Amino acid sequence: MKIPPVKGTRDFYPPDMVRRNWLTDGWKKISLRNGFEEYDGPIFEYLKMFQVKSGDEIAEQLFSLTDRGGRELAIRPEITPTLARMVNQQINSLPKPIKWFSVPRLCRAERPQKGRLREFFQWNVDIIGSDDLLADAEVIFCAIDYLQDIGLTKNNIVVKISSRKMLAAVLQTIGVEKNELDPLYALLDKQSKLPKDTFEKLLAEKVADKSQYKKILELMTVKSIEQIKTIAAQNETAKESVNELNSLFELLNVMGVADFCSFDISIIRGLAYYTGTVFEIYDRASELRAIGGGGRYDNLLKDFGGPAISAVGMGMGDCVLAILLEEKGILPEQLPLAKSDYFIAYADQKYLQKAVEITAKLRLAGFITNFSYKFSNVSKQLKQASNQNAAKCVIVGDEFENNELVVKDMSTGRQELTNFDKFISDIKTKSK
Ligand code: HAM
C-alpha cells in the first residue's frame, strides 16, 4: 500500500535539511546578536487559546482534535498566544523588557499555494514590557538585519508600515463605530488580494452609509503620512499616532534601514490582536505573498489573564523566503557543503577491521569520519572520499605490515607515511 504525503506538507531529504538548517541557523544567529533569548512552547494548546484573540482567519485554519480525556486541542498555527501565556505565568520574575525569539513549526489548514503550506517554520521575535517606539523599530531592524545578512537588498525587499491606532482614529472621525472596526479591518486587510469590484461590493455591504463608504475608499488610496496628517488634523489620537509613525521612521533612519521601509495604509494585518504599529515585509516586485509581518499588540497579555503590558513582535515564514532566495540565486552559493574530516580507505578486505577501528577512534575523538562497508579498489574509495568532501584520507594498505598508514591531504594531494601508534596518539591530542 502506497501512502502519499499529506497535502501541504513537505518531506525534508538531506539536501533540504541543509537548506532548512541554513535558514533557521541564520534566524537564531541574528536573534542573538539583536539581544533576543530563545524560548519554545508545546506543539498543541487548548483550542480556545487560538479562538479567542487571533481572529476568524486563523480560527478557520485550525487543525483541532479532541484528546482521550475529551479536551479540545489545536496544533499551534502561531506562537504568539503561547508566548503571552508563558510570559503571563512568570510575569513578576521576568526582567523587562522581555526580548525573546523562537523558531516554531506551525500548522494552518490553508489552501496550499505558492508560499503558503499547511506546515511551515516561522521565526518570531517579540519584545514585551516596553511601549517605547524603540521596541517597534528594533523588531523591524532585526528582520531587515537578517534579510540583509543573507544577501537581500533594499532593491529586493520592502517593509510596508502603517498604524492600526492611526487607522482606528481616522475611521472613527469618518463615523465608524468602535465595535465596527474589527470586521472592517478583516475586509480592508484583504483589499490587495481581492479584485477591485469584489472589494468595493463587500465594503458597500459592510458600510451602508454612502458618504462613509466613499471616505473609506478615499482613505485607502492615501500614499503618504503627510496626507494622513491633513485628514487627521481634527482628531488628537490620530495626530498622536501620525507623530508616532514619523518618529518610528526617524528611528529606522538612525538605524540605517529607512531605505527598506515605506508607509503603506493598506497594511492592516490579518490577526485581530494588533493595536498600534503594523508592518509586512514583501518582495519589491510584489509578486509573492508576505515574507513576514508583525506589529504592536498591547492587549493580548491582559486578554489572556495577565497584566496590561505592551508588546511588539513579528513572524517570518520559511516558504516565501525560500522562493525569493531561489529566484535571486542566493541559496545555492551560501549553502554549506556537507564536509567530513577523514575517510578511511583500505587496500584489501583483510584491513577492514583496522579501518573500522581507526574510524571508531577518530569518531570518539570528535572527527567526522566515514568508510566504505563494501570493499572496492583504493582509487574508487578515494573518489568516495572526495565526494564526501573529506579533508584527509587514511589508507590502510600493505604498509600496515610495518605498522604504518598512508595519510593523504585531499586538497593538496600530498601523501605521507605515518606510524600507526603515533597517528592514534596524535588523534587524542588533536581531539576536537
Ligand atoms: P502572520 O502574518 O500570520 O503573523 O504570519 C507571519 C508570516 O508567517 C507570514 O508573513 C508568512 O511568511 C508566514 N506564514 C503564515 N502562514 C503561512 C503558511 N500557511 N505557510 C507558509 N508560511 C506562512 C503571525 O503569525 C504573528 N503571530 C506574528 C507575530 C509575532 N506578531 C507578533 N509577534
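Everything numeric in this text was worked out from a predicted model, so none of it was measured. Every number for a ligand or one of its atoms is a count from 1 in the order of the listing.
Between the choices L271, D126, L300, I291, the shortest heavy-atom distance to atom 12 (O) of ligand 1 belongs to I291. Relative to atom 31 (N) of ligand 1, the option among F120, Y297, Y274 with the closest non-hydrogen atom is Y274. Evaluated by nearest non-hydrogen atom to atom 27 (N) of ligand 1, the leading choice among R289, E280, E57, E78 is E78.
In the displayed structure, E37 atom CD is contacted under 6.0 Å by at most 12 heavy atoms of other residues, nucleotides or ligands.
Closest to atom 5 (O) of ligand 1, if we only count protein heavy atoms, is Q122 NE2, 3.0 Å. At the shortest separation from atom 28 (C) of ligand 1 among protein heavy atoms lies G315 N, 3.4 Å.
At under 3.5 Å, not a single nitrogen or oxygen of R118, backbone or side chain, sits near a nitrogen or oxygen of ligand 1. In terms of N/O distances under 3.5 Å, ligand 1 is approached by G317. On a distance-only criterion, Y273 and ligand 1 share at least one N/O pair closer than 3.5 Å.
Y146 and W123 have their aromatic ring centers within a separation under 6.0 angstrom. Note: Y373 and F371 meet the aromatic proximity criterion, with ring centroids under 6.0 Å apart.
Looking at R269 and Y274, their side chains do bring a donor and an acceptor atom within 3.5 Å of each other.
The shortest heavy-atom distance from F279 to ligand 1 is not under 4.0 Å. The closest approach between any non-hydrogen atom of G292 and ligand 1 is below 4.0 Å. Residue contacts with ligand 1 include G115, since one or more of its heavy atoms lies under 4.0 Å from the ligand. Ligand 1 is never approached by V320 to a heavy-atom distance shorter than 4.0 Å. Under the 4.0 angstrom criterion for non-hydrogen atoms, E119 is not in contact with ligand 1.
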